[in-house]
Amino acid sequence: MSAAAGADHARQLPEGADAASPLLEIRGLRVSFTLSDGRRLTAVDGINLSVAPGEAVGLAGESGSGKSTAVGAIMGLLAPNGRIDAGSIRYRGLDLAAKGAPLRRTRWREIAVVFQGSLVALNPVIKVRDQVAEAIELRLGEPAEVAQEKAKLLLHDVGIPEKRINAYPHQLSGGQRQRAMLAVALSCSPAVLIGDEPTTALDVIVQAQILELLDRMRQEYGLGLILITHDLAVIADMCDRVAIMYAGRIVESGSVKEIFSAPRHPYTQALLGAAPDARAGRRTIKVLEGHPPDLSALPPGCHFAPRCPLADARCREEDPPTIEYADQVTLACHRYSLGDGKLPTPIDAPYPTLELGKR
Amino acid sequence: MSEQLRANTSASAPLLRVRGVSVTYAAQRSIADLLARRSASGIVALDSVDLDVNAGEIVAVVGESGSGKTTLARVIAGLIAADEGVVEVEGEGPNDWRSVGMVFQDPYETLDPKRTLGEFIAEGLEAQGLPMDRVDTALEAAELLPAAAFRDRVPEELSGGQRQRVVIAGALALNPKLVIADEPVSMLDVSMRAQILALIEQLRRDQGIAWIFITHDLSLAWAISDRVVVLYLGAVVEEGTAEQVLRNPAHPYTRALLAALPSTDPGAAGTHSLAAGEIPQGDTPSGCRFRNRCAHAIEACALTRPPLEVAPGGGAEHRVACIRAAELPPLS
Ligand SMILES: Nc1ncnc2c1ncn2[C@@H]1O[C@H](COP(=O)(O)OP(=O)(O)OP(=O)(O)O)[C@@H](O)[C@H]1O
Ligand SMILES: Nc1ncnc2c1ncn2[C@@H]1O[C@H](COP(=O)(O)OP(=O)(O)OP(=O)(O)O)[C@@H](O)[C@H]1O
Ligand code: SF4
Ligand code: SF4
Ligand SMILES: [Mg+2]
Ligand SMILES: [Mg+2]
């Protein structure tokens with residue numbers, strides 16, 4: 001482990017936090033945006049999510065399901081028309097959602113984010129080493145020479161060849177830029193790292209390299225990792241636990257092992273079945289018709305009902321409650337809500353299938 | 001492809017015939033070069049590529065970022081000229097716009113937000129001097145039904161999947177025999193991807209349209225294509241049927257691409273990066289292009305460019321450019 005990053009210095013917790021409390025724990029978080037016509041749209045609707053040191057948690061769902069909004073709330077980076085309506089975001093006990101929570105800048109010392117578009121996130125006219133050093137100077141208050149030295153070590157750590165560390169962002173490949181972003185994110189030795197689609201723009205080989213790097217950082221530095229992606233295969237590969245989001249809610253969550261081998265929520269089944277898989281030799285895919293609902297005009301009942309093959313009259317009237325079952329599995333689906341609290345047997349939702357490559 | 005189609009096409013000349021196509025991007029000193037006090041050198045994006053596509057066939061072109069996929073697409077569509085080599089569609093040069101359509105990755109870039117879908121499609125028709133009544137037929141072929149309900153909409157009112165269908169409709173309006181789709185679904189959610197994949201297959205089946213499907217996602221290539229062509233640093237390093245190339249890969253690079261693919265299958269092993277480092281930018285190694293990243297490289301690999309040859313134990317269509325293909329360990 002290098003001296004540049006990680007939990008190698010005694011972590012100074014922000015005021016009001018205590019080391020004995022869980023690392024990051026989100027409870028009942030609700031976030032809404034005001035639209036130009038004055039209506040409000042609830043983009044995150046009462047989610048629970050937590051991550052422990054050294055743990056990797058995946059957050060998946062279609063475009064618009066509220067994943068980035070949740071990140072915005074955690075980081076204090078919501079758009080001006082957005083606000084937290086309810087819930088708590090506790091970092092070591094300290095509520096970041098409460099009024100008077102630590103400012104954005106200090107938050108980066110504890111929680112860092114790597115976004116998808118690394119080219120926009122990096123300053124094009126500053127060499128990558130100087131950018132990392134600047135972050136260290138600014139956020140940790142280190143003197144310039146120390147910051148430069150740490151930056152060099154960090155860039156080495158994330159796998160940027162030494163002769164490239166004085167390059168400008170656009171002189172680097174997409175993979176190298178994403179590594180540089182990771183160095184910036186790690187520069188303040190955060191305890192939690194959030195990757196919001198960190199590999200979506202990359203090709204498979206570079207993606208595998210970046211994921212390997214994230215995994216190594218998680219292990220070496222004991223980082224709590226939240227990985228946001230619409231690619232469930234990436235989560236299968238990287239994460240211990242997974243939460244599936246639909247229209248602002250977490251509709252199913254639990255261990256990756258449990259959820260991926262026995263998906264219960266019809267939406268999870270659709271997402272898992274919708275992609276072909278060359279390694280498994282699978283060409284038949286499930287077809288999920290329609291699209292996610294308009295969040296500013298939600299119909300009553302289960303938000304997934306218009307697309308769900310299992311929907312019945314009750315689904316169209318009553319919102320299914322989120323129920324916690326054994327093994328920390330949570331589910332929000334009427335089909336499972338009558339049981340005795342034991343982990344229910346999955347019901348196969350009869351999606352139409354499409355056999356691709358039929359010749 | 002049906003047996004009938006296969007029998008019809010294999011005997012006759014291919015729909016698309018690409019021979020020895022090379023493209024070098026002109027030396028142009030960028031700001032980056034100036035800052036780095038670097039003199040610019042030409043980038044060889046394609047190096048003597050051969051490719052055949054038969055009528056009604058779906059060929060996937062796969063490879064990492066920078067391997068030359070988009071350059072190949074642009075040459076075939078006639079958007080850029082090859083420095084060397086021949087591109088023929090039905091025996092003619094690629095200026096016959098009507099027989100080759102093109103669908104790009106980002107529907108947001110292709111579509112003008114201020115114009116209606118009907119106007120977008122009509123624009124292409126007008127440029128080709130084709131009758132305007134094809135607008136509705138094209139929307140219908142792309143399953144934007146009923147066409148009348150879509151004609152006057154603007155892109156903002158559509159989902160990402162629907163937008164990509166509009167782009168496909170624009171290509172279909174010109175009645176193409178071949179459509180080149182460059183990463184057509186990479187920006188879409190899985191649910192929308194399925195719709196587009198189904199549409200591509202349907203258009204092949206019903207209208208006999210051939211597709212070149214460019215992707216770096218081997219699972220998509222596996223699902224949709226009859227044949228797969230693997231590009232690396234501007235050259236074909238392996239080709240064959242989807243089964244041959246993706247179930248029985250013979251080139252270390254193809255194997256690396258497959259090993260890097262994550263899978264939700266509980267039985268699948270985790271991913272590994274079998275290829276070291278990244279695709280070189282600008283300078284191609286002597287001998288085998290892949291040798292500086294290849295786990296199987298030996299000294300002989302630096303001496304000559306391995307030619308594309310019939311893969312060991314494979315059918316005649318399965319070809320690979322690796323001198324050690326016969327010695328590679330079997331895939332676990
Ligand atoms: N500033 C804003 N004003 C109004 N609506 C917003 C704003 N930001 C996001 N939204 C809406 O909130 C919902 C959730 O968006 P969010 O970006 O969190 O989704 P996501 O799951 O990250 O999607 P993606 O996979 O596309 O990144 C969407 O319906 C989006 O249109
Ligand atoms: N207009 C251009 N000028 C100079 N070099 C270019 C140009 N377009 C592409 N190149 C270079 O040519 C090579 C091949 O690029 P190309 O875009 O064809 O690759 P690709 O396989 O489509 O990659 P991606 O998956 O990133 O789209 C790369 O090294 C690229 O940097
Ligand atoms: S509650 Fe009903 S509509 Fe919603 S996911 Fe369950 S079965 Fe489907
Ligand atoms: S020829 Fe040599 S370097 Fe090239 S792929 Fe084969 S073993 Fe690797
Ligand atoms: Mg997002
Ligand atoms: Mg490209």
Side-chain angles (χ1 to χ4, degrees), chain A residues 61-64 125 127 159 161 166-168 170-171 173-176 200-209 211-212 230-238 257 260-261 270-292 307 354 356-359, chain B residues 1-3 6 30-32 35-36 58 63-67 159-162 186 188-195 197-198 201 205 216-226 242 246-247 256-275 277-279 281:
Chain A
E62 274 167 297
S63 184
V125 296
K127 295 172 179 171
N166 286 316
Y168 292 88
H170 55 272
Q171 296 174 319
S173 68
Q176 284 173 336
T200 303
L202 306 174
D203 61 57
V204 273
I205 289 187
V206 178
Q207 165 170 285
Q209 291 168 350
L211 293 178
E212 260 174 27
H230 59 252
D231 187 349
L232 286 180
V234 166
I235 290 178
D237 200 37
M238 290 282 290
K257 227 171 135 188
F260 282 47
S261 61
L271 284 187
L272 275 170
D277 190 330
R279 282 180 71 187
R282 181 160 54 85
R283 279 197 182 109
T284 301
I285 59 176
K286 291 192 169 121
V287 180
L288 174 60
E289 274 153 356
H291 46 82
R307 306 171 81 185
L354 176 66
L356 290 163
K358 206 160 47 180
R359 298 192 239 284
Chain B
M1 201 192 317
S2 72
E3 286 309 312
R6 197 185 292 277
S30 64
I31 296 170
L35 289 170
I58 303 181
E64 262 166 301
S65 184
S67 55
S159 73
Q162 287 175 326
S186 63
L188 305 179
D189 275 324
V190 274
S191 52
M192 293 182 185
R193 283 183 187 195
Q195 301 170 8
L197 296 179
E201 285 213 329
R205 198 171 49 238
H216 62 248
D217 183 338
L218 294 198
S219 286
L220 287 180
W222 158 254
I224 192 117
S225 70
D226 305 307
L246 297 175
R247 301 304 283 171
L257 286 175
L258 262 178
L261 199 65
S263 169
T264 51
D265 186 28
T271 63
H272 349 252
S273 32
L274 292 184
E278 293 180 19
I279 198 162
Q281 282 174 310

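In what follows, every chain begins at residue 1, and chains take the letters A, B, ... in the order their sequences are listed.
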Quiz item: side-chain contact (heavy atoms from CB on, under 4.5 Å) with Pro276(A): which of Leu220(B), Val190(B), Leu218(B)?
Solution: Leu220(B)

Exercise. Compare every heavy atom of Val204(A) with every heavy atom of Ala260(B), then report the nearest pair and how far apart it is.
Key: CB-O, 3.6 Å

Quiz prompt | Region of Arg282(A) in contact with chain B, defined by heavy-atom distances below 4.5 Å | solution = both

Quiz prompt | For Phe260(A) against Thr264(B), the heavy-atom pair lying closest together | solution = CE2-CG2, 3.9 Å

Self-check item: Sidechain-backbone polar pair: Ser219(B) side chain, Ala278(A) backbone, donor-acceptor under 3.5 Å
Solution: yes

Practice problem: Among the options Gln176(A), Glu289(A), His291(A), Lys257(A), pick out the one with the most heavy-atom pairs lying under 4.5 Å from chain B. | Solution: Gln176(A)

Quiz item: Does a donor on one side chain sit under 3.5 Å from an acceptor on the other, for Ser63(A) and Asp189(B)?
Solution: no

Practice problem: Side chain from CB out, backbone as N, CA, C, O: work out which of these in Gln207(A) comes under 4.5 Å of a heavy atom of chain B, or both, or neither. | Solution: side chain

Quiz item: Hey, does Glu201(B) have a side-chain heavy atom less than 4.5 Å from the side chain of Leu356(A)?
Solution: yes

Quiz item: Is Arg279(A) reaching over with its side chain to a backbone N or O of Leu261(B), donor-acceptor style, under 3.5 angstrom?
Solution: yes

Practice problem: Side chain from CB out, backbone as N, CA, C, O: work out which of these in Gln195(B) comes under 4.5 Å of a heavy atom of chain A, or both, or neither. | Solution: side chain

Practice problem: Measure across Arg283(A) and Ala242(B) and return the closest heavy-atom pair with its distance rounded to 0.1 Å. | Solution: NH2-CB, 3.7 Å

Exercise. Please report the shortest heavy-atom distance between Asp203(A) and Ser65(B), naming the atom on each side.
Key: OD2-N, 2.7 Å

Practice problem: Measure distances from Ile285(A) to the heavy atoms of chain B and classify the residue's part below 4.5 Å as side chain, backbone, both or neither. | Solution: side chain

Exercise. Using a cut-off of under 4.5 Å on heavy-atom pairs, state which of Leu246(B), Leu188(B), Leu258(B), Asp217(B) scores highest against chain A.
Key: Leu258(B)

Quiz item: Which residues pass the side-chain contact (heavy atoms from CB on, under 4.5 Å) test with Ser186(B), sequence neighbours left out?
Solution: Gln105(B), Glu183(B)

